[in-house]
Amino acid sequence: MMAGSLVSRATGFLRLAMITAALGTAAAGDAFGVANTVPNIIYALMIGGALQSVFVPELVRAAREHPDGGRAYTDRLLTLCAVALLAITALAVLAAPWLVSAYAPGFTGEQRELTVALARYCLPQILCYGMFTLLGQVLGARDRFGAMMWTPVLNNLVVIAVFGLYLVLAHSGAGGRGIGHRDALLLGLGSTAGIAVQALGLLPSLRAAGFRWHPRFDWRGAGLTQPMRSAVWTLLLVLVNQAAYWVVTRLSTSAGLHALAAGHRAGVGYAAYSNAYSLWVVPQGIVTVSLATALLPRMSRAAAEGDHAAIGADLSRGLTASGTAIVPAVLAFLALGPQITGTVFQHGATTEADARAIAWMLAAFALGLPAFAGQYLLARGFYALGDTRTPFFLNVLIAGVNAACAAACYALLPARWAVTGMAAGYALACTAGLLTTAALLRRRLGWRPRVLGHHLRLTAAFAPGAVLALLAARAVTARLGTGTAGDLTGLLAGTAALCLPALLLARPLRLPLGPLERLRKNTPDSRVT
């Protein structure tokens with residue numbers, strides 16, 4: 001699963017590079033960006049949140065309690081959700097002009113017409129995303145997880161091929177001539193085809209698991225009310241997240257404009273915040289999400305049996321294994337932030353000052369990464385218990401603290417540092433969320449997590465290396481400068497300096513490289529790691 005995430009992210013960077021090469025970042029790039037983002041937003045708001053982490057516990061319980069192993073229940077649930085997805089997709093395609101006006105009110109004339117055309121071709125992605133998530137939930141309930149991590153690679157390859165074809169046909173590596181409506185047909189439907197292939201890529205794994213979907217419309221009295229009620233709370237959770245996201249976006253954008261007006265030329269607004277966040281969540285996406293996906297069916301089965309001790313044990317395993325990757329990542333972000341952001345972002349129009357501004361935001365985010373990962377894992381404990389209401393209220397707390405901190409930073413800090421403060425505020429919100437989630441789950445399960453010692457030993461093992469990494473990176477920068485060569489060399493040297501002392505200190509600190517191995521041995525499907 002983690003390997004699949006790595007390959008998916010690597011090909012995702014290639015996909016973004018190909019799209020940028022084909023369309024640039026001017027009007028055509030903006031038009032495609034809006035058209036291709038709207039399906040994601042609509043999917044997340046309308047039904048995406050309802051599908052994530054909700055149906056696995058229901059499918060596991062049905063498999064345990066129903067005489068047919070939950071097959072009929074699964075068929076009905078899939079059919080009901082597929083009908084809902086079809087209806088939402090059809091309405092979205094019809095409403096494409098209004099959606100474009102809502103998300104891009106500044107688009108007029110030809111740019112608006114082009115964006116509407118692209119949106120009509122891209123909006124069927126709502127159905128494809130939904131089916132991918134639904135089928136992935138069925139696989140997850142059967143302890144098969146790898147396909148969901150690997151099939152996005154197929155999507156990336158299809159999109160790379162489509163935009164490569166466009167470059168050949170357009171005879172323009174920069175996409176300077178813009179895109180016409182025929183090009184919109186190719187790019188829009190090609191992007192949708194990538195998501196469709198991603199969903200279809202799950203079918204071999206479903207067949208191997210012995211699952212065949214037979215649509216059933218006899219929904220009345222089939223026990224589908226409970227998952228629908230649970231899904232409502234998850235939908236509300238998504239809405240709360242979107243509200244907090246809107247607050248941070250508005251304030252960070254405004255702070256960036258104020259900083260520019262005050263003479264600060266480095267990008268310190270929303271774009272820098274978004275780029276820092278994208279780097280910050282990489283360890284979470286590769287490690288923690290993979291672990292949570294693997295553990296949720298196990299915990300759901302334990303919940304169905306009333307075995308709360310087993311749920312607590314799985315959560316402890318997940319926190320320990322996640323921490324083994326998360327703690328070194330935090331120290332790497334703190335010690336090597338300028339080298340990381342310089343290597344990734346300092347190209348083209350992005351200057352050294354811009355990259356350093358992103359590095360400060362990455363450092364502010366970094367302190368909240370253990371809490372972010374921990375709260376994500378612990379929330380799956382509530383989902384395993386069939387409780388989606390408690391995670392909603394926990395998310396209200398996190399979103400509220402995040403929005404309040406963002407407003408305080410905007411009002412109190414200089415414009416140059418306001419958005420960096422917002423990043424630190426999100427880290428604080430994650431910490432508040434983790435403490436509250438752990439307290440409620442401990443009371444619910446009678447569980448005493450014993451993972452703090454492991455995290456402290458990890459910190460002690462990697463802290464000397466972090467100091468050495470900082471010194472090594474600065475020495476390389478002094479010799480080679482702050483260009484790409486200097487940043488990349490400093491990053492490689494700093495990474496080696498970070499890890500080597502930890503390898504020497506691992507045995508004295510009782511830190512064998514075994515948390516993931518122990519998790520693998522205790523997981524029914526050894527392909528988890």
**OP:** For L315 and L441, run side-chain contact (heavy atoms from CB on, under 4.5 Å): C-alpha distance rounded to whole Å, both residues' side-chain angles, the deciding distance at 0.1 Å, then the answer.
**Re:** CA-CA 10 Å; L315 289 173; L441 200 57; 3.4 Å; yes
Original post:
Can L165 and L186 be said to form a side-chain contact (heavy atoms from CB on, under 4.5 Å), step by step?
Top reply: CA-CA 9 Å; L165 176 61; L186 169 65; 4.1 Å; yes
**OP:** Report the residues that fulfil side-chain hydrogen bond (donor to acceptor under 3.5 Å, both in side chains) with Y121, sequence neighbours left out, ordered by chain and then residue number.
**Re:**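 Y121: no side-chain hydrogen bond (donor to acceptor under 3.5 Å, both in side chains) contacts found.
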Subject >> Qualifying residues under side-chain hydrogen bond (donor to acceptor under 3.5 Å, both in side chains), relative to N402, sequence neighbours excluded >> reply: none
For [X] and [Y], which heavy atoms make the closest approach, and how far apart are they?
X: L369; Y: A329; result: CD2-CB, 4.3 Å
X: P124; Y: T192; result: CB-CG2, 4.0 Å
X: A371; Y: L434; result: CA-CD2, 3.7 Å
X: I326; Y: P283; result: CD1-CB, 3.9 Å
X: A276; Y: M361; result: CB-CB, 3.7 Å
X: G381; Y: M299; result: N-CE, 4.2 Å

Are the side chains of [X] and [Y] in touch, meaning some heavy atoms are under 4.5 Å apart?
X: R71; Y: W213; answer: no
X: E113; Y: P97; answer: no
X: F382; Y: L440; answer: yes
X: C430; Y: Q375; answer: no
X: V138; Y: F211; answer: yes
X: N156; Y: V7; answer: no
X: L206; Y: L203; answer: yes

Please report the interatomic distance [atom1]([X]) to [atom2]([Y]), rounded to the nearest 0.5 Å.
X: L296; Y: R301; atom1: CG; atom2: CZ; value: 9.5 Å
X: I195; Y: I126; atom1: CD1; atom2: CD1; value: 12.0 Å
X: M131; Y: L86; atom1: CE; atom2: CG; value: 8.5 Å
X: R76; Y: F217; atom1: CZ; atom2: CZ; value: 12.5 Å
X: T436; Y: L378; atom1: OG1; atom2: CG; value: 11.5 Å
X: Y383; Y: T390; atom1: OH; atom2: OG1; value: 10.0 Å

Original post:
What residues, two or more places apart in sequence or in another chain, satisfy side-chain contact (heavy atoms from CB on, under 4.5 Å) together with A196?
Top reply: C128
Original post:
Judged by modelled atom types alone, do T151 and Q198 share a side-chain donor-acceptor pair under 3.5 Å?
Top reply: no
**OP:** Give the C-alpha distance, both sets of side-chain angles, the deciding distance and a yes or no for side-chain contact (heavy atoms from CB on, under 4.5 Å) between Y73 and L77.
**Re:** CA-CA 6 Å; Y73 181 87; L77 189 58; 4.3 Å; yes
Is the backbone of [Y] close enough, under 3.5 Å, to the side chain of [X] for a donor and an acceptor to pair up by distance?
X: T341; Y: A355; result: yes
X: T79; Y: R216; result: yes
X: R380; Y: Y376; result: yes
X: S322; Y: G318; result: no
X: T11; Y: S8; result: yes

**OP:** Begin from the C-alpha positions of Y410 and H258 and carry the test side-chain contact (heavy atoms from CB on, under 4.5 Å) through to its verdict.
**Re:** CA-CA 10 Å; Y410 180 79; H258 288 317; 3.2 Å; yes
Subject >> Over-ring placement of R389 relative to F393, 6.0 Å and 45° cut-offs >> reply: no
**OP:** Tell me whether the centres of the aromatic rings in F365 and Y273 are closer together than 6.0 Å.
**Re:** yes
Subject >> The single option from T431, V281, T288 passing side chain to side chain contact (heavy atoms under 4.5 Å, CB included) against F372 >> reply: V281
